[in-house]
Amino acid sequence: MRRVRKTGGLAARLEAWFAEVKRPMPWRLEPAPYACWLSEIMMQQTTYASVLPYYTRFLKRFPTVAALAAADEADVLKAWEGLGYYARARNLLKAAKMIAAGGWPHSAAAWAAVPGVGPYTAAALASVLDGERIPVVDGNVARVFARYWKLDDDFRKLPARARLAERLRGEIAAAAVPGDFNQAMMELGALVCTPTNPDCAACPLRVACAARRDGTQGDYPVKAAKKELPVRRVAAVVVTDAKGRVLLVQNRAGGLLKGLWELPAVEPSVAHVQVFSHFRLELTTSRAVRADAEFRDPRKVPLATATRKVLAACGLL
DNA sequence: AATCCGGGGAT
DNA sequence: ATCCCAGGATT
């Protein structure tokens, strides 16, 4: 028998909903390669509210990919200061040089060759900029469809995301505008199908959502075991000169927060004890600060956030 | 396949 | 305190 075509499949419901409620993000106004690419990189593991001021400032500071390609890495990091995951900024500059020389990619496969662009970002850019019919899977999409189809996978793992993407190929096939379909899935996860207290009453997919049907929305996505984080204790010193410059060290390749400046760390070491007539002096010595420490104007070099907070508390920023 | 990489906001 | 976020690179 022939199945009657539903008046509004998954793609149609998503796109119709998206057209009504989408947030007016600046790069959505008139999608351009540079703006969209920058926004995607900034939005990796970072919320819209956090990104927005950085995005605006960055575009003003580096208006075109050519301007970015000509920039110094320290200046790019300064513009990225506080946003986190600084490899994104270093890759952005590396990629800008490639794009300025070779032009913009026009497929997901070509985008995937760009530094800092992985499976998610490649699919997002190719679908939005060139209409490629390729689904994205990010944390939002994983959560939405873990509930919609009651999937037990751990979607932090790449293979699970790839399997979901494969499944979504069948859905994006029916999309009117692939880029809108992709953004709709993500917008739904961000605004309605949220990690806690999803607003199922407002969801365009509620009539077909398996978890909603069973009342088990809260059980998805399946959460993996939590891992204990290592603790790093660091003693730092603040040394200033008469000009208000601060003694800082720049993190080198291979370390944490590469390229950013931090306060010199001190290794607590041997305690020297001396007994005077009226008090006992306990002197904790330490190694001298690193030989490569320099006095720098803390407003002019990219600082790690912890360092910035300490300096602000000391009235040095 | 695991691990590393930041920081902020929500609960 | 813990989880989550428009993930990707490295090992």
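Just so it is clear: chains get the letters A, B, ... in the order the sequence lines come, proteins before strands, and each one is counted from 1.
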Subject >> Closest-nucleotide ordering on DNA chain B, the 5'-leading residue of A:A304 and A:P159 >> reply: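 Nearest nucleotide further toward 5': that of A:P159.
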**OP:** Assign each of A:A49 and A:A87 to its nearest nucleotide of DNA chain B by heavy atoms, then name whichever residue's nucleotide is nearer the 5' end.
**Re:**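 Result of the comparison: A:A87.
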Original post:
Got more than 12 heavy atoms from elsewhere within 6.0 Å of CZ, A:R57?
Top reply: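 It does: A:R57 CZ has more than 12 such atoms within range.
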Subject >> Sidechain N-carboxylate O distance under 4.0 Å for A:E73, A:K258 >> reply: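 No.
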Subject >> A:D214/A:K150 salt bridge by N-O under 4.0 Å criterion >> reply: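 So A:K150 pairs with A:D214 through a salt bridge.
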Interatomic distance where [atom1] belongs to [X] and [atom2] belongs to [N] [whole Å]:
| X | N | atom1 | atom2 | result |
| --- | --- | --- | --- | --- |
| A:R161 | C:dG7 | CZ | P | 6 Å |
| A:W37 | C:dA6 | CH2 | C1' | 16 Å |
| A:L257 | B:dG7 | CG | C1' | 10 Å |
| A:Y48 | B:dG8 | OH | P | 19 Å |
| A:L83 | B:dG7 | CG | P | 10 Å |
| A:Q45 | B:dG7 | CD | P | 14 Å |
| A:F155 | C:dC5 | CZ | P | 12 Å |
| A:D138 | C:dC4 | CG | P | 14 Å |

Could you check which of [options] has an atom nearest any side-chain atom of [X]?
| X | options | answer |
| --- | --- | --- |
| A:Y86 | B:dG6, C:dC5, B:dG8 | B:dG6 |
| A:E187 | B:dG8, B:dC5, C:dA6 | C:dA6 |
| A:N91 | C:dA9, C:dC4, B:dG6 | C:dA9 |
| A:Y120 | C:dA9, B:dT11, C:dA6 | C:dA6 |
| A:R28 | C:dA6, C:dG7, C:dG8 | C:dA6 |
| A:K309 | B:dG6, C:dG7, B:dG8 | B:dG8 |
| A:K157 | C:dG7, B:dA2, B:dG6 | B:dA2 |
| A:R143 | C:dA9, C:dG7, C:dC5 | C:dC5 |

Determine the interatomic distance between [atom1] on [N] and the same-named atom on [M]; round to the nearest Å.
| N | M | atom1 | result |
| --- | --- | --- | --- |
| B:dC5 | C:dC5 | C1' | 14 Å |
| B:dG8 | C:dA9 | P | 24 Å |
| B:dG6 | C:dT10 | P | 13 Å |
| B:dG9 | C:dG8 | P | 23 Å |

By the 4.0 Å heavy-atom rule, please label [X] as base, sugar-phosphate, or nothing.
| X | result |
| --- | --- |
| A:T194 | nothing |
| A:I41 | nothing |
| A:G189 | nothing |
| A:M25 | base |
| A:V117 | sugar-phosphate |

Original post:
Hey, does A:D199 have a side-chain heavy atom less than 4.5 Å from the side chain of A:T194?
Top reply: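 Not touching, per the 4.5 Å side-chain cut-off.
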Original post:
Do the ring centers of A:F58 and A:Y55 come within less than 6.0 Å of each other?
Top reply: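 Here the rings of A:Y55 and A:F58 have centres that are no less than 6.0 Å from each other.
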Original post:
Can you find an N or O donor on one side and an acceptor on the other, under 3.5 Å apart, linking the side chain of A:T46 with the base of B:dG7?
Top reply: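 By the distance-only test, no, there is no pair.
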Original post:
Are A:V301 and A:V238 joined in one hydrophobic group, where the rule is that I, L, V, M, F, W and Y side chains link up if heavy atoms are under 4.5 Å apart?
Top reply: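 Yes: a chain of side-chain contacts under 4.5 Å links A:V301 to A:V238.
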Original post:
Starting at the 5' end of DNA chain C, which residue's closest nucleotide do you reach first, A:V114 or A:W27?
Top reply: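 Closest to the 5' end, via its nearest nucleotide, is A:W27.
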**OP:** Name the residue closer to the 5' end of DNA chain C, choosing between A:Q44 and A:R156 according to the nucleotide with the nearest heavy atom.
**Re:**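 The 5'-side residue here is A:R156.
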Original post:
Which class fits the ring pair A:W104 and A:W111: parallel under 30°, tilted 30 to 60°, perpendicular over 60°?
Top reply: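 Rings of A:W104 and A:W111: tilted, 30 to 60°.
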